[in-house]
Amino acid sequence: MTDFPGSPDSAARERDAAESASAFAHPAVAPDRTAAYGDHPDQVVDFYAPRDGRTGAPLVVLLHGGAWRSPYDRAHVSPLADFLARRGFAVANVEYRRGGDDIPRQRDGAEPGAGSAGPVAGRWPETFDDVAAALDAMPALASRELPGADVRRIVVSGHSAGGHLALWAAARHVLPEGSPWLLPAPPSLRGVVALAPIADFATAVGLGVCGGAVTQLLGGEAGPVLGGDAGAVLDGDAGSALGGDAVAVERAAHADPGVLLPTGIATAIVHGVEDIVVPPAVSEAYVDAAARSGETVGLTLLGGVGHFPLIDPSADACAVVAEELAQLAW
């Protein structure tokens, strides 16, 4: 791979590889209970009870990352779910439908995997259908499967693509009129803690985050990775970032957290300064957009931290995540 200006150097890539290896080295942790929120095999939630047996524990709804692509499922954040359960939280680890080589592109008539060297990112509209359905069903499911959980105190969290979905889930009441996922009122959440989220589509597309995953999610073709400052390249315009693709631009209005503001939901973001997978500029663009809408979003930037320590129970960054969750939950 040829470096473009501003791209990660070899030391940054080595750091990222080591952090990824550490995060994925933990064995999957079996849940206490699993329940379905739909008929598809991916429409399931794994529940983890607070390890100290407490009752009235706040519920963390966890949405895993992986660029909305099928090779990555909820198992890789099960160690994080267990870590949080040991910190006194009840945890719901949500699975949802993702893209893969076995599905068509996001438009009629396209061949599976066309124009992509790997699995397609996301399923439109199924990825969003599932997250909406899981969150809508969560109070009843959690009350049944984890009687000790306090479903009046729900915090949604997610990492990377899951961080995007967490922000989106908290913004369904500000979706455009006619959206199938529109809520008539704000969801009953204590808040959102998004971890290295793909929070602003224009910036993410400009930086080529996750191999053009945002563009694929919206039904477009992943373009080349751009270097340098995303704001300078795109001027914060999702339409320009998507090349004026009418379908992708229309879908972005229903899916981009950076335009679904303000939400009125307490929101905090944790991001590693050294993240080369989803650079912190993506979160900074979201925070700036929130400020322009009159809303304050907390942003914690962790020095010396990349993308994966935020979900690695052996990393100090994970304790920061737990503290951010606690501040909203209790």
Side-chain angles (χ1 to χ4, degrees), residues 4-8 16 63-69 72 98-99 106 116 118-122 124 127-128 131 158-171 192 194-245 247-261 267 269-290 292 297 299 301 306-308 310:
F4 49 79
S7 66
D16 178 69
L63 295 160
H64 70 82
W68 309 286
R69 291 177 174 132
Y72 304 95
R98 305 160 321 282
Q106 309 288 355
S116 174
V120 175
W124 186 280
T127 297
F128 297 92
V131 172
H159 178 242
S160 197
H164 156 262
L165 293 171
L167 294 170
W168 178 84
V192 177
L195 314 176
I198 303 177
D200 182 88
F201 279 4
T203 307
V205 172
L207 292 172
V209 165
C210 298
V214 169
T215 308
Q216 289 182 354
L217 174 71
L218 299 174
E221 294 291 333
V225 175
L226 301 179
D229 180 75
V233 173
L234 299 170
D235 197 25
D237 179 4
S240 298
L242 294 165
D245 184 312
V247 172
V249 170
E250 192 278 332
R251 289 176 175 179
H254 296 258
D256 180 2
V259 301
L260 299 174
L261 291 162
T267 301
I269 294 176
V270 183
H271 214 126
V273 171
E274 307 301 332
D275 193 335
I276 64 171
V277 179
V278 181
V282 179
S283 284
E284 291 168 342
Y286 177 83
V287 171
D288 289 346
R292 290 193 296 272
V297 170
L299 175 60
L301 294 172
H307 192 64
F308 294 100
L310 303 178

Quick check: closest heavy atoms across [X] and [Y], and the distance to 0.1 Å?
X	Y	value
Ser160	Gly65	CB-CA, 4.4 Å
Leu310	Gly272	CD1-N, 4.5 Å
Ala281	Thr203	O-CG2, 3.8 Å
Ala255	His164	O-NE2, 2.8 Å
Ala289	Gly258	CB-O, 3.7 Å
Gly66	Ala161	N-CB, 4.3 Å

*Hey, which of Leu218, Thr215, Ile198, Val282 is the one that makes side-chain contact (heavy atoms from CB on, under 4.5 Å) with Val205?*
Thr215
Are [X] and [Y] close enough that some pair of their side-chain heavy atoms sits under 4.5 Å apart?
X	Y	result
Val270	Ser283	no
Val214	Val209	no
Pro119	Arg98	no

Main chain of [Y], side chain of [X]: is a donor-acceptor contact present, judged purely on distance under 3.5 Å?
X	Y	result
His159	Phe308	no
Trp124	Gln216	no
His271	Val278	yes

From [X] atom [atom1] to [Y] atom [atom2], the distance as rounded to the nearest 0.5 Å:
X	Y	atom1	atom2	answer
Asp256	Leu261	CG	CG	8.5 Å
Arg69	Leu217	CZ	CG	10.0 Å
Phe128	Arg251	CZ	CZ	9.5 Å
Leu63	Leu167	CG	CG	10.0 Å
Leu301	Glu274	CG	CD	10.5 Å
Thr267	Leu299	OG1	CG	12.0 Å

*asked:* Students often mix this up, so state it plainly: with edges at 30° and 60°, are the rings of Trp68 and Phe201 parallel, tilted or perpendicular?
replied: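 Ring orientation of Trp68 relative to Phe201: perpendicular.
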